[in-house]
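Structure first, then comments.
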Amino acid sequence: MMSSVAFKLLSLLVVLLFMSTQTTDAKNSEDIRCKCTCPPYRDIDGHIYKQNVSLKDCNCLHVVEPMPVDGKDVEAYCLRCECKYEERSSGTIKVTIIIYLSVLGLLFLYMVYLTLLEPMLKRRLFGHSQLQNDDDVGDQQPFANAHNVLSRSASRPNMLNKVEHAQQRWRRQVQEQRKSVFDRHVVLS
């Protein structure tokens, strides 16, 4: 089941990448621009001008529109302006966002699994009678006897048992620290 979901997500990612590269083969006008930063000049406030122009036209005369000064002051005004040609890759940005959203979606699905499905599977694995008998332990440690049940299961792979054992050991340590801090008011150092 997980491999089919992963395959579908991977194929969706490939299709989206293919579509994004086709739209970015020719440079979009939003991918290139010239940005001129002009400081204050006489009674004119400083301003930033942006235009979608080519690299050869990236100068004050082509980008600054409307020109705030007239005549001979145009050259003095333009000498103070700093113009930079900027180029970005929309395809790379789209791919990065797609990967980010895919990872975020997988993490969300995993959270849903841990929140909703895992407790139902644990109940089904342990049985209702065993959970009802251990109500006082279950309130403080929800899966306190999970290791015992899982270690008896012969169908579980060895690695999963190791992970479950490490998880139970960590839970016991956390529970011991809680007892030390809240019951005995002792901070472990």
Side-chain angles (χ1 to χ4, degrees), residues 1-33 35 50 52 86-189:
M1 181 181 146
M2 288 301 277
S3 62
S4 65
V5 172
F7 178 73
K8 288 178 184 177
L9 285 174
L10 184 63
S11 61
L12 177 67
L13 184 65
V14 168
V15 168
L16 289 174
L17 288 174
F18 180 71
M19 288 172 46
S20 70
T21 55
Q22 281 192 347
T23 59
T24 58
D25 284 343
K27 285 287 183 194
N28 293 335
S29 62
E30 295 87 27
D31 286 344
I32 57 173
R33 73 176 182 181
K35 178 177 159 184
K50 300 173 195 165
N52 295 329
E86 297 174 346
E87 187 174 340
R88 67 179 181 198
S89 173
S90 294
T92 305
I93 293 170
K94 287 178 185 177
V95 168
T96 304
I97 289 173
I98 289 169
I99 291 172
Y100 175 77
L101 291 176
S102 299
V103 168
L104 204 60
L106 287 173
L107 287 173
F108 178 74
L109 288 175
Y110 184 63
M111 182 192 72
V112 167
Y113 167 76
L114 288 177
T115 307
L116 300 176
L117 295 176
E118 189 181 31
M120 288 190 304
L121 292 174
K122 293 257 186 194
R123 264 190 239 120
R124 196 175 295 159
L125 180 65
F126 297 146
H128 291 290
S129 63
Q130 189 173 6
L131 285 178
Q132 289 172 355
N133 292 341
D134 298 331
D135 276 342
D136 12 317
V137 175
D139 291 341
Q140 295 164 358
Q141 296 176 325
F143 304 112
N145 60 349
H147 178 67
N148 297 335
V149 172
L150 291 175
S151 64
R152 282 185 251 133
S153 173
S155 64
R156 304 281 291 186
N158 192 23
M159 187 61 180
L160 212 48
N161 285 334
K162 287 181 183 178
V163 170
E164 187 71 28
H165 178 67
Q167 188 179 24
Q168 290 302 325
R169 186 178 39 190
W170 176 78
R171 284 186 176 143
R172 282 193 301 267
Q173 289 174 349
V174 169
Q175 191 62 29
E176 182 61 34
Q177 289 175 359
R178 284 184 184 145
K179 286 180 186 175
S180 296
V181 171
F182 294 119
D183 295 344
R184 294 181 231 145
H185 302 290
V186 175
V187 178
L188 301 175
S189 40

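For the numbers below, each heavy atom of this structure counts, side chains included, while hydrogens, waters and symmetry mates do not.
Using a 4.5 Å cut-off on side-chain heavy atoms (C-beta onward), Tyr110 and Leu106 make no contact. Residues Gln168 and Arg171 form a side-chain contact, since some pair of their non-hydrogen atoms from C-beta on lies under 4.5 Å apart.
Annotation for Thr96 and Thr92: closest pair OG1-O, 2.8 Å, computed over non-hydrogen atoms. Between Asn52 and Ile32, the shortest heavy-atom distance links the atoms OD1-O, 3.1 Å.
Of the candidates Thr115, Leu107, Leu109, Met111 forms a side chain to side chain contact (heavy atoms under 4.5 Å, CB included) with just one, namely Thr115.
Interatomic distance, Gln173 CD to Gln177 CD, rounded to the nearest 0.5 Å: 7.0 Å.
With sequence neighbours excluded, the residues that form a side chain to side chain donor-acceptor pair (under 3.5 Å) with Glu86 are Arg33.
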As a quick check of understanding, evaluate side-chain contact (heavy atoms from CB on, under 4.5 Å) for Ser89 and Ile93, giving each step before the final call.
CA-CA 6 Å; Ser89 173; Ile93 293 170; 5.9 Å; no
